[in-house]
> 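After the structure tokens below, expect a handful of questions from me.
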Amino acid sequence: MEKQKFQLLGIAAMFIATKFEEIYAPELRDFVYICDKSFTRSEIMEMEYEILRTLDFNILTVYPYTFLSRYHFVSGDSKKSFFYSRYILET
């Protein structure tokens, strides 16, 4: 029983990860198919919720470089100011 629970945890974690990393994330039915219908849609969704609840839905980390890139894009500053800001950020 523990092995099956561990596999369910892995499937749910992969489902969460694909939502962040993939441009076109696989659908839930694809994960049900991959695990050879060992788990139902509701079981995967319940485990996904359990993972997110355990993490207090705090799964996104904003890094300084990510913020700088986004700010530069929105502000429309020159590339020179972007590279200078990056230099300051890295030192």
Side-chain angles (χ1 to χ4, degrees):
M1 184 64 178
E2 289 298 318
K3 182 179 177 182
Q4 191 172 15
K5 190 82 165 175
F6 189 65
Q7 288 174 337
L8 178 59
L9 175 67
I11 290 290
M14 282 183 54
F15 186 54
I16 293 169
T18 59
K19 290 179 181 180
F20 277 92
E21 293 297 324
E22 298 295 327
I23 295 172
Y24 301 106
E27 295 180 19
L28 186 55
R29 69 175 177 221
D30 297 329
F31 283 93
V32 172
Y33 176 76
I34 287 170
C35 66
D36 200 26
K37 298 184 182 178
S38 298
F39 310 109
T40 63
R41 290 173 50 97
S42 61
E43 287 175 321
I44 296 173
M45 290 181 71
E46 286 174 23
M47 183 57 78
E48 178 188 21
Y49 174 74
E50 191 65 33
I51 292 170
L52 294 173
R53 191 173 61 87
T54 301
L55 297 173
D56 292 327
F57 288 85
N58 189 13
I59 55 176
L60 182 63
T61 303
V62 178
Y63 296 104
Y65 180 75
T66 307
F67 176 78
L68 177 64
S69 298
R70 180 69 183 150
Y71 179 78
H72 172 72
F73 177 75
V74 171
S75 67
D77 286 338
S78 67
K79 283 189 176 188
K80 185 177 180 180
S81 68
F82 173 70
F83 289 124
Y84 184 65
S85 301
R86 226 174 101 184
Y87 172 76
I88 292 171
L89 183 68
E90 293 174 1
T91 56

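What you are looking at is a predicted structure, and each value in this text was computed from that prediction instead of being measured.
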> Would you compute the distance between atom CE of Met14 and atom CD1 of Ile44 and round it to the nearest 0.5 angstrom?
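With rounding to 0.5 Å, CE (Met14) is 10.5 Å from CD1 (Ile44).
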> Quick check: is Phe31 connected to Tyr33 through a chain of hydrophobic side chains (ILVMFWY, heavy atoms under 4.5 Å apart)?
no
> How many angstroms lie between atom CZ of Phe73 and atom CZ of Arg70, to the nearest 0.5 angstrom?
6.0 Å
> Are Ile59 and Met45 connected, step by step, through hydrophobic side chains (Ile, Leu, Val, Met, Phe, Trp, Tyr) whose heavy atoms are closer than 4.5 Å?
yes
> Before accepting this row, confirm whether a basic side-chain N of the pair Arg53/Glu50 lies closer than 4.0 Å to the acidic partner's carboxylate O.
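Result for this pair is yes, salt bridge flagged.
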> Going from NZ on Lys79 to NE2 on His72, what distance comes out if it is rounded to the nearest 0.5 angstrom?
7.5 Å
> Nearest heavy-atom pair of Ser85 and Ser81: which atoms, and what distance?
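Closest approach of Ser85 to Ser81: OG-O, 2.7 Å.
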> Output the distance between atom CD (Glu2) and atom CG (Leu9), rounded to the nearest 0.5 Å.
11.0 Å
> If the condition is salt bridge (charged side-chain N to carboxylate O under 4.0 Å, His left out), which residues does Glu21 pass it with, not counting sequence neighbours?
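Partners of Glu21 by the salt bridge (charged side-chain N to carboxylate O under 4.0 Å, His left out) criterion come out as none, since no residue qualifies.
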> Using atom types as modelled and distance alone, determine if a side-chain donor or acceptor of Asn58 lies under 3.5 Å from a backbone N or O of Leu55.
no
> Is any side-chain heavy atom of Lys19 less than 4.5 Å from a side-chain heavy atom of Glu48?
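The answer is yes, as the side chains (C-beta and beyond) meet within the 4.5 Å cut-off.
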> Calculate, to the nearest 0.5 Å, the distance between atoms CG and CD1 belonging to Leu52 and Ile16 respectively.
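If I round to the nearest 0.5 Å, the distance is 4.0 Å.
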> With hydrophobic residues grouped by side-chain heavy-atom distances under 4.5 Å, do Tyr71 and Ile88 end up in a single group?
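No, no single cluster joins them.
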> How many angstroms lie between CG in Leu8 and CD1 in Ile11, if you round to the nearest 0.5 Å?
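Going from the CG atom of Leu8 to the CD1 atom of Ile11 covers 8.0 Å.
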> Among Ile, Leu, Val, Met, Phe, Trp and Tyr joined by side-chain contacts under 4.5 Å, find the other residues sharing a cluster with Phe82 and list them by chain and number.
Tyr65, Leu68, Phe83, Leu89
> Give me the atom names and distance for the closest heavy-atom approach of Ala12 to Ile51.
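So the minimum-distance heavy-atom pair works out to CB-CD1, 3.8 Å.
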> When you group the ILVMFWY residues by side-chain heavy-atom contacts below 4.5 Å and let the links chain together, are Leu28 and Tyr49 in the same group?
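Same hydrophobic cluster.
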> Give a yes or no on whether Phe6 and Phe15 share a hydrophobic cluster (residues Ile, Leu, Val, Met, Phe, Trp, Tyr; joining criterion: side-chain heavy atoms under 4.5 Å apart).
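Both belong to a single hydrophobic cluster.
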> I'd like to know whether OH of Tyr87 has more than 12 heavy-atom contacts from other residues, nucleotides or ligands below 6.0 angstrom.
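No - once you tally the heavy atoms of other residues, nucleotides and ligands closer than 6.0 Å, there are 12 at most.
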> Answer yes or no: is there a side-chain heavy-atom contact under 4.5 Å between Gln7 and Phe39?
yes
> Compare all side-chain heavy atoms of Thr40 with those of Val32 and state whether any distance is below 4.5 angstrom.
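No, every pair of side-chain atoms sits at 4.5 Å or beyond.
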